[in-house]
Every structure is written in C-alpha cells, then in structure tokens.
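Inspection log for the structure reproduced underneath, given as structure tokens.
Remember, it's a predicted structure, so these values are computed and weren't measured experimentally.
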Amino acid sequence: MEEWSTEQWETAKQSGERTAFYLYTPMCGTCAVASKMMSVIEQLLPQLQIGKANINFLEHIAYEHQIESVPCLLISDGGKVTEKIYAFQSVPFLYELLKKSID
C-alpha cells in the first residue's frame, strides 16, 4: 500500500471513484493489525485506490475530517467522504464494505 500525501488523497478522492485512505500511527498496536488487514484487502481488491498515511504528519486532515482515533479508514465515493471506519472488525467485513460500489 502506497503512502499518500494530502495531494494524492485529494486527487484520488476527486477522481469520483471509490477510494480508501487508511490513517494510522506507527506506535499503535491496533494499527499494526489493521495494516495487515488492509494489505489483504489491497490484494483482494486491486482495482480499488487505497492509500495510507501516518496521521501525525497530516494534522489538517485529522481536523478536517474530525478523526477521533486511529486506525481510521476514510472511504470516499463521488468526490466526498462517505464513511469513516474506526472498528476494522475483520477482513471479510472490510472486503464487503469496500467492494459494494466497485462491482
């Protein structure tokens, strides 16, 4: 999964396609587990634009989207953030969530 800058996130979001932006911090244990789950999702849904970023370097995104904790998955569709996920639950949960509008 590629590390995205703010500009890359904005470009992906404005493409109008469904995109996912995974936000984490390096010292977060739950984020380490979520990162592994997102790696699996990336393999299962290669057509989905997925990026990641250390939220410590994107304070304005945390503020703009009112991020309350990490890990956080911002999902955009049609140029707007449509979902904000904190509980990653399982790979099947994430797969179904992300797959629903790219079929």
Side-chain angles (χ1 to χ4, degrees):
M1 195 175 342
E2 183 182 344
E3 287 277 338
W4 278 357
S5 65
T6 302
E7 294 77 22
Q8 288 169 300
W9 160 239
E10 289 299 327
T11 300
K13 186 170 67 168
Q14 295 308 321
S15 74
E17 295 177 19
R18 190 162 179 87
T19 60
F21 194 29
Y22 166 60
L23 302 168
Y24 69 95
T25 58
M27 299 301 289
C28 164
T30 307
C31 295
V33 174
S35 291
K36 290 178 183 174
M37 294 168 75
M38 291 304 297
S39 293
V40 173
I41 293 299
E42 185 177 37
Q43 298 299 311
L44 294 172
L45 297 171
Q47 69 276 35
L48 179 67
Q49 292 188 76
I50 303 175
K52 68 178 181 176
N54 180 342
I55 195 72
N56 291 323
F57 299 115
L58 299 176
E59 182 179 326
H60 57 285
I61 287 189
Y63 181 76
E64 178 184 341
H65 295 288
Q66 300 178 343
I67 305 298
E68 298 169 20
S69 67
V70 289
C72 179
L73 185 64
L74 296 177
I75 301 169
S76 72
D77 213 346
K80 296 181 182 178
V81 173
T82 56
E83 296 185 65
K84 187 169 39 172
I85 306 298
Y86 295 108
F88 283 41
Q89 297 182 28
S90 67
V91 170
F93 168 79
L94 292 172
Y95 178 77
E96 289 302 321
L97 180 74
L98 293 167
K99 184 179 183 278
K100 65 183 169 189
S101 77
I102 57 174
D103 286 336

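By the rule that hydrophobic residues join a cluster once side-chain heavy atoms approach within less than 4.5 Å of another member, L73 and V70 end up as members of separate clusters. Cluster annotation: L74 is not connected to I50 through the hydrophobic network of ILVMFWY side chains, with a link wherever side-chain heavy atoms come within less than 4.5 Å. Taking hydrophobic clusters as Ile, Leu, Val, Met, Phe, Trp and Tyr residues chained together by side-chain heavy-atom distances below 4.5 Å, V91 shares a cluster with I85. A single hydrophobic cluster is not seen to contain both V33 and L23; linkage of ILVMFWY side chains at heavy-atom distances under 4.5 Å, directly or through other members, places them apart.
Taking each heavy atom of G16 and D77 in turn, the nearest pair found is O-OD1, 4.0 Å. The nearest pair of heavy atoms linking S15 to Q49 is OG-NE2, 3.2 Å. Among all heavy-atom pairs drawn from L97 and R18, the shortest one is O-NH2, 2.9 Å. Shortest non-hydrogen contact noted between C72 and K84 is SG-CG, 3.6 Å. The minimum heavy-atom distance linking F21 with A53 is given by the pair CZ-CB, 3.6 Å. Minimum heavy-atom separation, H65 to W9: NE2-NE1, 4.0 Å.
Side-chain atoms of T82 come within 3.5 Å of backbone N or O of I75 as a donor-acceptor pair. Listed for the Q8 side chain is a donor-acceptor partner under 3.5 Å among the backbone atoms of S5.
With rounding to the nearest 0.5 angstrom, the CG atom of L58 is 4.5 Å from the OG1 atom of T6. Here SG of C31 is found 10.0 Å from CD1 of I55. Values are rounded to the nearest 0.5 Å. Taking CZ of F93 as the start and CD1 of I41 as the end, the distance is 10.5 Å to the nearest 0.5 Å.
A 6.0 Å sphere centred on NZ of K36 holds no more than 12 heavy atoms belonging to other residues, nucleotides or ligands. Counted within 6.0 Å of CZ on F57, heavy atoms from surrounding residues, nucleotides or ligands total 12 or fewer; the atom is thus considered open. Within a 6.0 Å sphere centred on CD of Q66, heavy atoms belonging to other residues, nucleotides or ligands number 12 at most.
Within the structure, no pair that satisfies the salt bridge (charged side-chain N to carboxylate O under 4.0 Å, His left out) test touches residues 59-70, not counting sequence neighbours.
No salt bridge links E42 with K52; every basic N to acidic carboxylate O contact stays at or beyond 4.0 Å. Salt bridge K13/E10: present, at least one basic N to carboxylate O contact under 4.0 Å.
By the 4.5 Å heavy-atom criterion applied to side chains, L94 and M38 are counted as neighbours.
Using the six-membered ring where Trp is involved, Y22 and F88 have ring planes that are perpendicular, over 60° apart on the 30 and 60° scheme.
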Side chain to side chain contact (heavy atoms under 4.5 Å, CB included) assessment of Q47 paired with L45: CA-CA 5 Å; Q47 69 276 35; L45 297 171; 4.2 Å; yes
